[in-house]
Every structure is written in structure tokens, then in C-alpha cells.
Amino acid sequence: MRIVLENGKYKRYIKAIWILFVLAVFGSALFIWAVSVNFLGLFGELPSLQALENPRSELASEIYSADGKLMGKLYLVNRIPVEYEEISPYVINALIATEDVRFEKHAGVDLKGLARVFFKTILLGQRESGGGSTLTQQLAKNLFETRAKESLGPLARVPGLRMLIIKAKEWITAVRLERNYTKREIITMYLNEVSFGHNAFGIEAAARTFFNKSASDLDAIEAATLVGLLQAPSRYSPVSHPEACRQRRNVVLGQMYKYQFLDKDTYRKAIASPVKIDYHPDNPGEGIAPYFRAEVREFMKRWEKERGLPENNFYTAGYKIYTTIDSRVQAYAEQAMAAHMKERQKRFDQVWSRRDPWYNVPGYLERIARQSERYRTLKQQYGDDEEAIFAEMRKPVPMTVFSWEGEKDTLMSPMDSIRYYKRFLHAGFLCVEAQTGKVRAWVGGINFKHFRYDHVKQGRRQPGSTFKPIVYATAIDMGYTPCYEMVDREVTFGDWSPKNSYGGFTGKSYTLREALGRSINTIAAQLIMEIGVQNVVKFARQLGITSPLDPVGSLALGSSAVTLYELCQAYSVFLNQGKRIEPIYITRITDRNGKVIEEFVPDAREVMSEEKAYMMLHMLKAALEPGGTSVRLHSYGITRNNEIGAKTGTTQNHADGWFMGVTKDYVAGVWVGGDDMHIRFPSIIDGQGAVLALPIWGNFTKAIYEDKNIPYKPGYFPRPAQISVELDCKKLREGTSDKIKIEIIDEEAL
């Protein structure tokens with residue numbers, strides 16, 4: 001419609017418009033000023049100059065292996081910051097073309113864009129895509145949460161004023177950002193900040209999540225896909241809504257073509273292509289050493305508490321946590337465990353194919369079920385009506401379960417699920433570089449996603465005969481020698497009569513070295529009673545055993561539960577010339593800018609003399625000699641020109657199988673067993689440590705030695721220059737030794 005005005009009326013109309021314009025400009029300026037100074041505290045605070053100069057995003061803390069591999073992250077939001085040069089130009093162009101084509105020309109607020117939106121939307125009633133919000137304004141909104149309640153004053157509660165105040169704050173903050181940062185810095189901050197959905201924050205995390213590549217490697221189609229997500233990440237998700245994603249992607253490609261970021265041929269080919277992604281969401285259960293990373297998380301909680309930092313600050317602080325784990329050694333440990341446990345589980349299922357291992361324990365499954373989250377939830381609904389609760393728990397529901405052939409989707413009731421999972425064997429593995437105390441491999445279980453319990457440091461189990469070296473080490477430290485002889489005979493201490501694994505007693509005399517190598521229970525029992533149980537407890541503490549130890553004779557046979565972590569520390573003393581080194585698995589922590597916050601060094605203290613520590617290594621070698629419990633290690637081809645000390649362990653009713661092995665470079669320990677003592681092999685043939693645990697150690701060490709890039713090689717234990725007792729027990733028996741002090745032979749002559 002055309003409006004015709006007379007000359008006088010026209011002049012008055014123009015004058016009125018100018019007056020309104022001047023008043024609007026003056027009022028807007030006054031309003032902006034009032035917001036900028038938070039006049040009378042009515043508008044809420046703006047970000048301070050310090051905050052503008054040091055904007056803080058929530059950054060994931062990253063965990064690195066000793067050989068420089070990113071092992072995983074600790075985060076509330078998955079964000080990996082990158083520099084401008086690490087972002088594909090296609091991403092920059094797609095973002096500018098779609099969100100802010102005048103980005104390089106405005107100073108934070110695009111007045112021309114605002115005028116366009118005002119006239120087309122307000123005066124003409126047309127729908128205008130893109131709006132007038134610049135990238136810098138969007139950054140201000142995301143970075144400083146200008147729309148959060150905490151940022152708004154009392155006037156924000158007045159209808160109609162809230163959005164005006166918010167927009168004014170975004171304009172002011174955007175202008176201030178433009179004064180403090182270059183355009184490149186602003187667009188980099190924006191791309192590091194925004195959410196792309198699926199817990200991917202920032203362009204690098206998005207590139208890895210959706211395309212399994214770095215942001216620098218994204219092509220035009222991939223860049224357009226990701227930029228398209230910014231408008232509504234869930235609505236345009238390529239995972240959940242591929243067709244909507246394709247349409248939105250093509251809109252972005254159209255903008256890129258419109259503003260000459262793409263040529264015609266490239267544009268036509270791009271819009272015709274389907275949506276292709278390589279979806280790799282960040283999964284805490286995947287990646288290198290997930291059980292170890294869970295321990296790192298617990299360490300960070302303790303570390304921050306000691307420093308007086310806010311709880312769980314590490315999830316957003318952007319720390320870089322450098323560990324001692326060698327990713328190659330870790331991989332061999334995981335592979336050795338998986339291969340062996342898959343085979344052992346198959347055998348376990350064969351043995352128990354006709355009945356459950358807990359067949360003679362009344363109400364076993366029901367007792368376990370009462371500890372489940374499902375039971376607690378149903379109890380809130382049904383109260384004490386257990387009949388109704390268990391009726392619900394026997395109804396099949398869809399679920400995904402673990403198997404050694406991969407995850408399986410199935411229909412299974414919660415009760416059947418408990419039965420299914422209770423039949424699995426579990427394992428733990430730890431490798432510690434003795435001379436440095438550095439943990440090189442940590443495998444806490446068979447599958448972190450389905451079994452979170454860590455059998456390295458959390459799990460306490462009876463160690464069986466793997467505790468015997470601590471008893472023998474106490475005796476050696478008190479002045480006994482490896483050649484001291486004791487008789488394998490029936491003995492009784494009060495109401496305790498220890499038995500040997502083979503059932504009887506030989507009546508023969510054995511040296512301490514032979515007795516340890518053959519794991520003779522009666523001699524270990526006699527020894528602990530002879531030297532004193534309390535002395536063994538005291539020495540165990542010095543070696544690093546912190547778990548409660550019951551001061552009774554059966555302690556010699558491993559009746560008190562300990563952790564694999566503790567045993568590895570104790571055995572390390574023998575290899576480290578008598579020095580106890582607290583295992584260390586974090587070397588340093590830096591802040592988000594790379595500044596070192598703290599470095600960690602192992603704490604070493606002398607526990608026994610170098611000579612006596614070597615005696616223990618000499619005694620542990622007996623397990624690989626004829627009659628020893630670890631002779632199976634020879635079948636792995638790892639004993640030639642190599643010294644290995646070892647000890648197997650099998651607990652009562654073969655509920656736990658252990659193996660501890662020592663080379664010149666490291667101590668490594670293995671535990672294998674069920675969730676509790678009822679989950680076990682019915683026979684010692686299958687359930688002994690030499691069968692359950694030793695093969696994991698053997699295959700691990702074989703793989704280590706075959707990898708030429710790993711510095712661990714076959715060789716000999718470090719020896720003292722001299723030793724004051726005869727270690728050749730045969731010479732002593734024959735009376736041919738006339739030396740009180742003998743020199744150790746060269747390695748070449750061994």
C-alpha cells in the first residue's frame with residue numbers, strides 16, 4: 001500500500017521520525033550505559049576485564065602414557081582445545097558463511113545486520129534467517145553464560161526487559177572481546193567452546209567423535225556437517241537423524257557456494273553425497289588401561305583434597321596427567337590375559353555345564369540379588385513383599401551382555417543375568433619396574449565396561465603360597481640361610497595341623513630354598529612358628545603389606561587377604577637390593593597451559609641388606625628347578641640365559657590362583673578367581689595357580705622379550721660383589737665347602 005502525504009504533513013512526519021530516532025538512540029545509549037555499569041545493581045554484573053582476558057572453559061583432563069600416548073580423559077564435557085592452525089579452513093569458511101558472513105568487518109556487533117533484521121522482521125513482517133547475532137556475541141553468550149540467572153539483576157524479572165538486558169550484555173561483552181582478541185583468536189575460542197551434541201564440545205572433539213579424525217583433516221562435506229549441527233545438535237544429529245542432518249548440511253554447503261567458498265562443481269557433488277560418518281564416541285570403558293584410568297581418577301580426588309581444591313575440580317581443570325604406564329607393555333598384558341581367560345572360561349563352562357558352582361549353597365542367587373540395584377528399586381515399589389519383587393526379577397527383559405565372543409543382545413531376566421555373570425572367572429595383572437617403582441602395566445579385570453571392580457588394588461584375596469616368600473624373607477633377615485634344613489613332617493600347633501597339597505608327608509629333610517621352590521606347607525608352618533608370627537607381620541609391613549594380617553600360624557600359608565598391588569611391592573624389595581620403593585604411577589601433573597603443578601618421585605627406604613635380598617632371589621629361582629612349582633615356565637621359551645624367580649599360589653578349595661614372577665627388570669603378578677570362593681574349579685588340576693595364573697605371566701613375558709623396541713631383555717639378577725654364606729647347598733651337604741665368604745661368579749660363567 002502506498003501512502004501519499006501533503007507537503008506540510010510530510011515535513012511534520014519526517015520531523016517526528018527524526019525525533020523518535022534521536023530519542024531511541026539517546027535512550028539506547030543510556031540503557032547500554034546503565035547495563036555496562038550495572039546501575040544501582042539492577043542489571044547484574046558483566047564479565048570482568050580479568051575474565052575477558054582469561055576466559056575459562058571446562059576442559060577435560062588428559063591422561064598420557066610414558067611413551068606419549070593419550071590414554072583417556074577425565075571430564076564432565078568432552079572438549080579438546082586446538083589452535084587456529086589446527087582447524088581445517090573448510091570449517092572456518094562454513095562457519096562464517098552460515099553464521100556471520102560479515103565477521104571480518106564488524107567490531108562485535110553487526111549494526112548493518114541488526115538494521116536488516118529490524119526492517120525486514122519488524123517493519124515488513126518477513127522471516128529473516130541468520131538474525132543479527134554475530135559469532136562474537138554467540139561466544140560471549142556461551143563463554144560467560146550471559147543468560148544464566150546468576151548474571152541477571154532484579155530488572156530481568158520485569159516482563160519484556162529480560163531479553164533486552166541479555167542482548168545488551170551480549171553486545172557489550174562482544175565489543176570488549178573484539179578489543180582484547182584478534183578475529184582469529186575469537187573464531188578459535190568459538191570453535192573450541194560450542195557443543196556439537198553427543199557430548200562433543202569443541203571442533204576437535206566433534207571431529208574425532210563423528211569422523212574419527214582431527215579437526216585439521218576435515219573436508220568440505222564434513223565441515224558443513226559439523227557446522228550444521230550448531231543450530232540444533234540433537235535435531236540434526238548424523239547418528240540419530242541422518243536425513244535431517246543431510247538437509248541441514250546442504251543448507252550450509254549452499255551458503256558456502258553463495259559466498260564463493262566453494263566452486264560450482266564441488267558444490268553440486270557435495271550436496272548429492274549421502275551422510276557418511278565414522279562414529280567414535282568417547283567411551284571411558286575403551287582405550288588404554290581403563291582400570292588404571294579409574295585408579296588415576298581416585299588419585300586425583302585425593303590429590304585435590306590434599307591441596308584444598310574444590311571437589312572434582314579435575315573434571316574441568318584441563319590438567320595433563322603423565323603416567324608411568326608403557327602402552328606397549330600394557331597391550332601385551334591385556335592380550336595375554338584375554339587369550340588365557342577366554343580359554344579358561346571355556347573350560348570352566350564345560351566343567352560346570354550341568355550345574356552351578358554354588359549348587360550346595362542354599363539361597364545363593366537370592367542373596368546376591370538382594371544386593372543389586374534392580375532389587376533396591378523394586379523394593380521401593382513393593383516394600384517387603386519379596387514374592388512380588390522376585391516375580392518381577394524373573395521376567396525377561398532386553399539386555400546386552402558380555403561374552404568372550406563380543407557383546408550379545410538378548411532377552412534375559414534379571415535373575416538369569418545374575419546367574420550368567422556370576423559364572424565368569426576374573427583376573428588381575430600388575431607389572432612394576434622394580435628399580436624405579438614405576439607401574440608399567442595395570443589390568444584390573446577382564447572387561448571394564450561390564451565388570452568395574454579392580455582386582456589390582458581394590459580386590460583383597462587370600463594369597464595362598466605367594467605369601468610364603470615373606471615368611472622366608474623374615475627368616476633370612478633374622479639370620480637364617482637358604483641352606484638351612486627342616487623336615488617335611490606332620491606337625492600340630494594347638495588345633496592347627498597344616499597339610500601339604502599332595503596330602504601326605506615325605507619325612508625328608510629339605511633346605512629352605514628347596515622347601516620354598518616345592519611350596520612345602522609343613523616347613524613354612526614350622527618356620528613361622530620358629531621365628532615368630534609377630535615378626536613375620538612386622539616384616540610384612542616393612543615390605544609394603546598394609547592389609548590386616550591375622551597373627552596366627554596359618555598366615556604362613558596365606559590365610560590373610562592382601563591385594564596384588566601389595567604383593568608386587570613386597571617382591572620388588574628382593575629385586576631392588578633390599579630397598580622398598582613405593583609403586584609410582586603418576587610422574588607429573590601440569591595445568592591447561594603446560595605449567596608443571598607437581599612432580600612425583602618414588603619414596604625409597606632400605607628394608608633388608610643387599611646380600612639378603614639377593615638370597616631371596618636365589619631362593620625364588622628354585623621354583624623353576626626340578627620339583628619346583630613353576631617348571632611350566634620353561635615351555636614358554638623365556639628361561640634360556642635368563643634368571644627368573646617365581647612363586648605360585650593356590651588357596652583353599654582352589655578358589656584363588658596366583659602367580660608372582662620376577663625378572664631382572666620387573667616384578668609382575670597375576671590373580672585369577674571368581675567373584676567369591678564359591679566360583680571355582682572343582683579340582684586342583686584346573687584350579688591351581690600354575691594352571692590358572694602362570695600362563696598369563698608366561699605369555700606376557702614371551703611377548704615382551706620378542707618385541708625388540710621394549711628395553712626388557714633376558715638376563716641375570718643384579719648380584720652383590722661378595723656374599724658371606726655358601727649358596728650351593730649341595731657343597732654344604734657333601735662337606736666340600738670350606739668358604740665362609742665366597743665371591744659370586746661372573747654372569748658369563750653362569
Side-chain angles (χ1 to χ4, degrees), residues 239-240 279 281 283-286 290-291 294 337-338 340-428 443-455 458-461 653-657 671-683 686-687 692:
V239 178
S240 309
Y279 187 52
N283 187 342
E286 297 178 352
Y291 289 94
M337 178 187 284
H340 179 68
M341 293 305 294
K342 181 178 181 180
E343 182 272 328
R344 283 290 87 194
Q345 187 65 49
K346 183 177 180 180
R347 173 63 181 161
F348 189 81
D349 293 339
Q350 289 173 347
V351 170
W352 290 109
S353 60
R354 296 187 177 182
R355 57 183 176 180
D356 290 320
W358 54 85
Y359 69 94
N360 59 348
V361 184
Y364 177 82
L365 280 185
E366 287 73 15
R367 173 169 58 84
I368 301 300
R370 292 186 185 97
Q371 301 170 14
S372 69
E373 183 64 33
R374 176 72 171 167
Y375 180 90
R376 287 191 288 269
T377 301
L378 290 171
K379 188 172 177 61
Q380 292 177 358
Q381 181 179 352
Y382 293 102
D384 294 330
D385 189 351
E386 283 211 331
E387 185 176 341
I389 293 173
F390 280 109
E392 287 294 321
M393 293 191 72
R394 291 187 178 95
K395 293 180 180 179
V397 295
M399 64 176 66
T400 301
V401 298
F402 167 80
S403 82
W404 280 109
E405 286 71 41
E407 288 188 333
K408 293 182 178 180
D409 294 326
T410 185
L411 277 175
M412 189 180 291
S413 74
M415 290 300 293
D416 285 338
S417 172
I418 293 171
R419 174 181 284 106
Y420 175 80
Y421 277 119
K422 273 293 174 181
R423 291 174 64 96
F424 274 97
L425 292 173
H426 299 276
V443 191
I446 58 174
N447 184 277
F448 184 76
K449 181 177 179 180
H450 293 273
F451 307 100
R452 295 293 178 96
Y453 193 75
D454 176 36
H455 293 286
Q458 278 184 299
R460 284 190 171 96
R461 301 293 287 248
N653 295 325
H654 8 96
D656 305 273
W671 168 85
V672 177
D675 260 352
D676 55 52
M677 61 180 294
H678 304 295
I679 318 300
R680 56 181 178 81
F681 279 102
S683 166
D686 288 308
L692 274 183

Please round to the nearest 0.5 Å and tell me the distance separating atom [atom1] of [X] and atom [atom2] of [Y].
| X | Y | atom1 | atom2 | answer |
| --- | --- | --- | --- | --- |
| M393 | T377 | CE | OG1 | 9.5 Å |
| H678 | D356 | NE2 | CG | 12.5 Å |
| D656 | I679 | CG | CD1 | 12.0 Å |
| Q380 | I389 | CD | CD1 | 10.5 Å |
| Y420 | M412 | OH | CE | 6.5 Å |
| L425 | R347 | CG | CZ | 12.0 Å |

Quick one, [X] and [Y] - any side-chain contact, counting heavy atoms below 4.5 Å?
| X | Y | result |
| --- | --- | --- |
| R374 | L378 | yes |
| M341 | W404 | yes |
| R423 | P357 | yes |
| R370 | E386 | yes |
| D676 | Y364 | yes |
| R344 | V672 | no |
| Q345 | I446 | no |
| Y421 | F402 | yes |

For [X] against [Y], the heavy-atom pair lying closest together:
| X | Y | value |
| --- | --- | --- |
| Y291 | G445 | CE1-N, 3.3 Å |
| V397 | P414 | CG2-CD, 4.4 Å |
| I368 | K422 | CG2-CE, 3.6 Å |

Can you tell whether the side chains of [X] and [Y] come within less than 4.0 Å, N to carboxylate O?
| X | Y | result |
| --- | --- | --- |
| R419 | D416 | yes |
| K379 | D385 | no |
| K395 | E392 | yes |

Problem set entry | D384, CG atom: more than 12 neighbouring heavy atoms under 6.0 Å |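 No, CG of D384 has 12 or fewer neighbouring heavy atoms, counting only those of other groups under 6.0 Å.
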Problem set entry | Q350, CD: over 12 other non-hydrogen atoms inside 6.0 angstrom | yes
Exercise. Do K346 and E343 pass the salt bridge (Lys or Arg N to Asp or Glu O under 4.0 Å) test, and can you show the C-alpha distance, the side-chain angles, and the key distance before you say yes or no?
Worked result: CA-CA 5 Å; K346 183 177 180 180; E343 182 272 328; over 6 Å; no
Exercise. Taking the six-membered ring for Trp, are W352 and F348 parallel (under 30°), tilted (30 to 60°) or perpendicular (over 60°)?
Worked result: tilted
For this session: Keeping the roles fixed (side chain from H426, backbone from G444), state whether a donor-acceptor pair exists under 3.5 Å.
Result: no
For this session: Spell out, as yes or no, whether a donor-acceptor pair under 3.5 Å connects the side chain of H654 to the backbone of F681.
Result: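 Indeed, once roles are kept as given, a pair shorter than 3.5 Å links the two residues.
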Exercise. Under 3.5 Å, is there a donor-acceptor pair linking the side chains of E366 and Y375?
Worked result: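 No donor-acceptor contact under 3.5 Å links the two side chains.
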